[in-house]
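Proteins get letters first, then strands, A, B, ... in listed order; numbering begins at 1 in each.
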4 protein chains.
Amino acid sequence: MILSLDLDSEVPIYLQIRDRIVEAIASGELAEGSSLPSTRQLAVDLGINFHTVNKAYDLLRQEGLLRINRKSGALVQRDARTGPPEPGFTDEWETRLRTLLAEAVAHGVDHPAVLGSCAAVLTSFTPTAPTAQGADHGAEQGDSAS
Amino acid sequence: MILSLDLDSEVPIYLQIRDRIVEAIASGELAEGSSLPSTRQLAVDLGINFHTVNKAYDLLRQEGLLRINRKSGALVQRDARTGPPEPGFTDEWETRLRTLLAEAVAHGVDHPAVLGSCAAVLTSFTPTAPTAQGADHGAEQGDSAS
Amino acid sequence: MILSLDLDSEVPIYLQIRDRIVEAIASGELAEGSSLPSTRQLAVDLGINFHTVNKAYDLLRQEGLLRINRKSGALVQRDARTGPPEPGFTDEWETRLRTLLAEAVAHGVDHPAVLGSCAAVLTSFTPTAPTAQGADHGAEQGDSAS
Amino acid sequence: MILSLDLDSEVPIYLQIRDRIVEAIASGELAEGSSLPSTRQLAVDLGINFHTVNKAYDLLRQEGLLRINRKSGALVQRDARTGPPEPGFTDEWETRLRTLLAEAVAHGVDHPAVLGSCAAVLTSFTPTAPTAQGADHGAEQGDSAS
DNA sequence: GTGGTCTAGACCACT
DNA sequence: GTGGTCTAGACCACA
């Protein structure tokens, strides 16, 4: 689990960590039950303070994506396959989606291109060997989003 | 031009203003060349400090969406029809898109549903019946979406 | 708003602050909409670090009792009169109640005495105008407390 | 003696064990003189480290609820019928009670409902209600509340 | 070993 | 002025 940070970014470090982990969960790289590095270990690896990692993990815990356990550290609590989101998530999320897509449209990206970007991002979340997933639950193939 | 703010939101007020304006530009409600209320006027209307409005306008100016004239006030600088975005915009934007979509996927929204939300948002930016601009104030119809 | 802390207590300081504020809300001393001292001000008053106050406020915010506003600082979000608790609150709370009452019973406090303590505590939350109790639902009079 | 633990709870495991035992004593399930499983046995049953069980037992010993003998293991030292609590217990306990009840009141549970919960919990400690304690001082009435 | 608490100070963002 | 972020180090609680 290596994640690259941009310490000069205006995005707070703890948010960058959180974002990378969310993306890793979405892409299946971190499945439900996976364990994450300890806060102090990750802090050392990234060359930052452990409190910053702590804050990222705590945020993910509040979002329901992580559970923290004194014994085993942080575990992935949730997954693309765990089920539908908690009520209330979608509304707030769509508000942010609306703002983000508006930004592209206002800058002159046409609708099909925007939708293409969305589809491309989603595709990038299922990069692995579609043939090896035969067993699986089967249903996940719907991802190519068409 | 009415925009509703949530003063208790964790989203800074100046960003809420900026977001609403971006969405208005994306939806065509504010076309290129339209004029916005003066900072002081808008501040009074919203019951906030005019510095806050100023900050929102300045951010939009930096983003290339507004140009500010001492005499004519703030004018919309570009819109969906002005042309493709400046180089560099797309990369940064797709990074944020990736994070946002990952959030939904990690919370269990499946890929088709995510793409459906994207499409629905885009549809909501097309203010139905472009020829109906004479109606003008009846612009509310565009947003029911979904 | 003065609250006394026991810095030697095994109860974390931030929890003591949180507890005192919860009790003040319950007793009507802090009504919905009341403003609390700024984190830094309270920290100075209490002779502790502002981060500790921050943590207490943030906890209360997560519990839905406070809302934090950049402009006006912390405001009481909720009240005995605001309405019934969020679903899920009661179950978790009754678990803790069960443990606490069990402690007294196990130590030999008989049931009526336990119940008497509970009633006494509740009474202490409505200290004002004991003669006006007939009105009952007109209880709002008791709490203006300022 | 079956106790169910939640290893992911924010409540420390040793405290969960302690709480369950306190409740068992309060409900009469564990009477004075009863013997508890050995720390090692219980640890195996629960799938946890025996030091954790040890810590729970030691805490109960400090609280005066258990006595620990090298030969006979852990025995229940007192129960509801052993007599009134040690001096000093009640004050500290009522402080915690006050905080806990305040929490419910602040979240909008009205006084009679709170008192009802207390009464319900106490009733649950009376396993079969042999003589039902007679009049029970009639303290349950919400009179003092409201 | 793990995470949690408290303190401390510097700097930034928001209004 | 307000709160938020990041860093830092010490100490404690838990398993």
Side-chain angles (χ1 to χ4, degrees), chain A residues 5 7 9-17 35-43 46-59 61 66-75, chain B residues 5 7-17 43 46-56 59, chain C residues 5 7 9-17 35-43 46-59 61 66-75, chain D residues 5 7-17 43 46-56 59:
Chain A
L5 299 180
L7 298 181
S9 165
E10 61 181 1
V11 180
I13 296 174
Y14 82 100
L15 268 187
Q16 293 185 49
I17 297 172
S35 72
L36 273 63
S38 76
T39 50
R40 280 168 171 88
Q41 184 58 51
L42 185 53
L46 296 174
I48 59 176
N49 190 278
F50 93 93
H51 284 117
T52 306
V53 179
N54 224 333
K55 188 161 189 173
Y57 278 19
D58 191 60
L59 178 56
R61 184 187 58 74
L66 243 57
R67 63 172 182 276
I68 313 283
N69 192 304
R70 282 186 196 79
K71 180 166 51 185
S72 27
L75 301 178
Chain B
L5 299 179
L7 297 181
D8 288 331
S9 166
E10 60 183 2
V11 180
I13 295 174
Y14 84 100
L15 265 188
Q16 293 185 49
I17 296 173
L46 297 174
I48 58 177
N49 192 296
F50 92 94
H51 285 114
T52 306
V53 179
N54 230 329
K55 188 161 188 173
L59 177 55
Chain C
L5 300 179
L7 298 181
S9 166
E10 61 182 1
V11 180
I13 295 174
Y14 83 100
L15 267 188
Q16 293 185 49
I17 296 172
S35 73
L36 273 67
S38 77
T39 50
R40 281 170 169 87
Q41 184 59 52
L42 185 53
L46 296 174
I48 59 177
N49 190 279
F50 93 93
H51 284 116
T52 307
V53 178
N54 224 333
K55 188 160 189 174
Y57 279 18
D58 191 60
L59 178 55
R61 184 187 58 75
L66 245 55
R67 64 171 180 278
I68 312 283
N69 193 304
R70 282 186 196 83
K71 180 166 53 185
S72 29
L75 299 178
Chain D
L5 300 179
L7 297 182
D8 287 330
S9 165
E10 60 183 3
V11 180
I13 296 175
Y14 84 100
L15 266 188
Q16 293 186 49
I17 297 172
L46 297 174
I48 59 177
N49 193 295
F50 93 95
H51 285 115
T52 306
V53 179
N54 231 330
K55 186 161 189 172
L59 177 56

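- For the atom pair OG1 of A:Thr52 and CD of A:Gln16, the computed distance is 11.0 Å after rounding to the nearest 0.5 Å.
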**Request:** Verify side chain to side chain contact (heavy atoms under 4.5 Å, CB included) between A:Leu59 and A:Leu15, making sure each step is shown before the conclusion.
**Result:** CA-CA 9 Å; A:Leu59 178 56; A:Leu15 268 187; 3.8 Å; yes
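- Counting only Watson-Crick and G-U wobble pairs whose two distances sit under 3.5 Å, DNA chain E takes part in these stems of three or more pairs: E:1-14 with F:1-14.
- Contacts of C:Leu75 classified as side-chain contact (heavy atoms from CB on, under 4.5 Å), with partners at least two apart in sequence or in another chain: C:Ser35, C:Arg67, C:Ser72.
- Residues satisfying the side chain to side chain donor-acceptor pair (under 3.5 Å) criterion with B:Asn54, sequence neighbours excluded, are absent altogether.
- Taking 4.5 Å as the limit, some side-chain heavy atom of D:Ile48 sits within range of a side-chain heavy atom of D:Ile17.
- Between C:Gly47 and A:Thr39, the one whose closest nucleotide on DNA chain E sits nearer the 5' end is A:Thr39.
- Pairs engaging residues 48-58 of chain A under the salt bridge (charged side-chain N to carboxylate O under 4.0 Å, His left out) rule: A:Asp58-A:Arg61 [sequence neighbours left out].
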Could you go over nucleotides 12-15 of chain F and give all protein N or O partners under 3.5 Å, atom names and distances?
residue, atom, partner, partner atom, Å
F:dC14, OP1, D:Tyr14, OH, 3.0
F:dC14, OP2, D:Tyr14, OH, 3.1
F:dC14, OP2, D:Lys55, NZ, 3.1
F:dA15, OP1, D:Ile13, N, 2.8

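- Counting heavy atoms from C-beta on, the side chains of D:Asn49 and D:Ile13 never come closer than 4.5 Å.
- Contact annotation: the side chain of C:Pro37 approaches that of C:Tyr57 to within less than 4.5 Å [non-hydrogen atoms, C-beta and beyond].
- For DNA chain E, the contact window with chain A, defined by any atom under 4.0 Å from a protein heavy atom, covers E:dT2 to E:dC6 in 5' to 3' order.
- Looking only at distances, a side-chain donor or acceptor of A:Arg70 sits under 3.5 Å from a matching main-chain atom of D:Glu10.
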